[in-house]
Protein chains: 2
Amino acid sequence: MAHPQLQLDHQLCFLFHRISRDLTAAYRPLLADLGLTYPQYLAMLVLWERDGPGVGELGDRLCLDSGTLSPLVRRLEAAGLVRRQRGAADERRVTVHLTEAGRALEERAAGVPQQLAATLVDDLPSYQALHAELTALAQRLEASTPRSA
Amino acid sequence: MAHPQLQLDHQLCFLFHRISRDLTAAYRPLLADLGLTYPQYLAMLVLWERDGPGVGELGDRLCLDSGTLSPLVRRLEAAGLVRRQRGAADERRVTVHLTEAGRALEERAAGVPQQLAATLVDDLPSYQALHAELTALAQRLEASTPRSA
DNA sequence: CGCGATTTGGTTGTGCACAACTCAATAGTG
DNA sequence: CACTATTGAGTTGTGCACAACCAAATCGCG
């Protein structure tokens, strides 16, 4: 092996890439029942926390730029879960509001995290430890690769 | 909060999603110098380890199905890094071989992992611990969500 | 007030991921 | 040997991610 450091198995980054895809795949059947994709589910989580953010705030929360978010919100609107509203004072701003159907979906989504938790880790302490480790890593990454958006 | 378990900050999965994207973003400028995207880089890593696999073996290694891999390999071929070869014995099989340019690229890619390692973790032990943890998690996930491919 | 700079959301184009499907080649079975 | 099932790669369609760019609205300075 000319360059052992290039071995795929040793690449931490590939692990993240793969786990991220596996997790999305694990969510897929659960979210399909709700008519959502995984990124759409993340957006709904933000709205269930606090309704009516601007597209920009939503993007900050999800770390997504308008190029990704605009069509995603459009699809949520087409699904009847969300309503777009032009700002009155500042007409550049667009706020995103839950419809009744969007609000109602929260009840049906409530069980989703638990259904996945079992797959992830065996016990709560290791879950929390892994979570803390990843949060620290995400912050370090965030600092080194500033997201424009 | 009606359903505290739905809070975005508590979602381990969102962390993976985000870190995976941040990592890809961290690679992007380095790989742009080589004319590669991150998934293309992963494919090249496999080829540098062992040249001439079938499309299926490449997919097993990267956990990608033919729907993703076929166009990716086509782009690598268009970039002159790779050559496709129909199997002689079994004409269904297509093997992927490095060209001279593809082999030469390994030298230029040799420095990439180190350039990123500093961003990821501060010291080798924590790198290895995180790697072991993620490998275990990936295996648990792999077992629970069998990849068709 | 007038006008250039910034902000906000959107569009376009490229590439990845995946489901569903097609089609040819091969393997297996009666 | 004929015929069906399976395998292997590829195609199509949808959606996400991101870079580059755009237009309109607002801001701010002279």
Side-chain angles (χ1 to χ4, degrees), chain A residues 14 16-29 31-32 35-43 53-60 62-79 84-96 145-149, chain B residues 14 16-29 31-32 35-43 53-60 62-79 84-96 145-149:
Chain A
F14 176 63
F16 272 100
H17 192 71
R18 186 152 94 79
I19 290 174
S20 173
R21 288 193 290 128
D22 284 345
L23 282 174
T24 304
Y27 269 108
R28 200 167 295 121
L31 296 179
L36 294 174
T37 65
Y38 182 63
Q40 290 167 8
Y41 169 68
L42 294 178
V55 173
E57 301 160 57
L58 203 53
D60 287 346
L62 300 171
C63 306
L64 290 173
D65 69 1
S66 69
T68 302
L69 214 45
S70 284
L72 190 153
V73 173
R74 191 199 328 293
R75 281 185 284 270
L76 288 178
E77 189 169 39
R84 244 182 252 256
Q85 188 163 342
R86 265 296 150 193
D90 184 343
E91 288 190 23
R92 289 170 306 181
R93 287 183 59 78
V94 170
T95 51
V96 183
T145 64
R147 192 170 292 279
S148 54
Chain B
F14 176 63
F16 271 98
H17 192 70
R18 186 152 95 79
I19 291 173
S20 173
R21 289 193 290 130
D22 284 345
L23 283 174
T24 306
Y27 270 107
R28 200 167 292 122
L31 296 180
L36 294 175
T37 65
Y38 182 63
Q40 288 167 11
Y41 169 69
L42 294 177
V55 173
E57 300 161 58
L58 203 52
D60 287 346
L62 301 171
C63 306
L64 290 173
D65 68 1
S66 68
T68 301
L69 215 45
S70 284
L72 190 152
V73 172
R74 188 198 329 293
R75 282 185 284 269
L76 288 178
E77 189 168 42
R84 243 183 253 257
Q85 189 163 340
R86 267 293 153 193
D90 184 343
E91 286 190 25
R92 288 170 306 180
R93 287 182 57 79
V94 170
T95 51
V96 182
T145 64
R147 191 170 293 280
S148 53

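First the proteins, then the strands, lettered A, B, ... as listed; each starts at 1. All values below were derived from every heavy atom in this structure, side-chain atoms included, with hydrogens, water molecules and symmetry-related copies excluded.
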* To do: Find the distance A/D65:CG to D/dA19:P and express it as a whole number of Å.
  => 7 Å
* Choosing from D/dT7, D/dA9, C/dA17, which nucleotide comes nearest the side chain of A/H17? -> C/dA17
* To do: Would you mind telling me which residue lines up with the more 5' stretch of DNA chain D, A/D90 or A/G67, judged by nearest nucleotide?
  => A/G67
* To do: Could you tell me the separation between the CG atom of A/L69 and the P atom of D/dA19, rounded to a whole number of Å?
  => 15 Å
* To do: Would you kindly check whether a donor in the side chain of A/S66 faces an acceptor in the base of C/dG10, or vice versa, at under 3.5 angstrom?
  => yes
* For A/A32, report the nucleic acid contact type (base, sugar-phosphate, nothing); a contact means any heavy atom under 4.0 Å. => nothing
* Between A/T68 and B/T68, which has a closest nucleotide on DNA chain D that is more 5'? -> B/T68
* To do: Could you check whether the rings of B/Y27 and B/Y41 sit parallel, tilted or perpendicular, using 30° and 60° as the cut-offs?
  => tilted
* Qualifying residues under salt bridge (charged side-chain N to carboxylate O under 4.0 Å, His left out), relative to A/R74, sequence neighbours excluded -> none
* Structure fact -> Rounded to whole Å, CZ of B/R74 lies from P of C/dT14 at a distance of 15 Å
* Hey, does the side-chain of A/S70 have a donor or acceptor N/O within less than 3.5 Å of a partner on the base of C/dG9? -> no
* Taking CZ from A/R92 and C1' from D/dT26, how many angstroms apart are they, rounded to a whole number? -> 4 Å
* Asked: B/Y27 has an atom OH; how far is it from atom P of D/dC18, in whole Å?
  -> 16 Å
* Among D/dG15, C/dA17, C/dT26, the one nearest B/E91 by side-chain distance -> C/dT26
* To do: Quick one: do B/L58 and B/L64 satisfy side chain to side chain contact (heavy atoms under 4.5 Å, CB included)? Show the steps, please.
  => CA-CA 8 Å; B/L58 203 52; B/L64 290 173; over 6 Å; no
* To do: Write down the distance between CG (A/L72) and P (D/dA17), rounded to a whole number of angstrom.
  => 7 Å
* Asked: Roughly how many Å is it from OH in B/Y38 to C1' in D/dA19, rounded to a whole number?
  -> 20 Å
* Nearest listed nucleotide, side chain of B/R28, among D/dA9, D/dC18, C/dG15 -> D/dC18
* Among C/dC18, D/dA9, C/dG9, find the nucleotide with the atom closest to the side chain of B/R93. => D/dA9
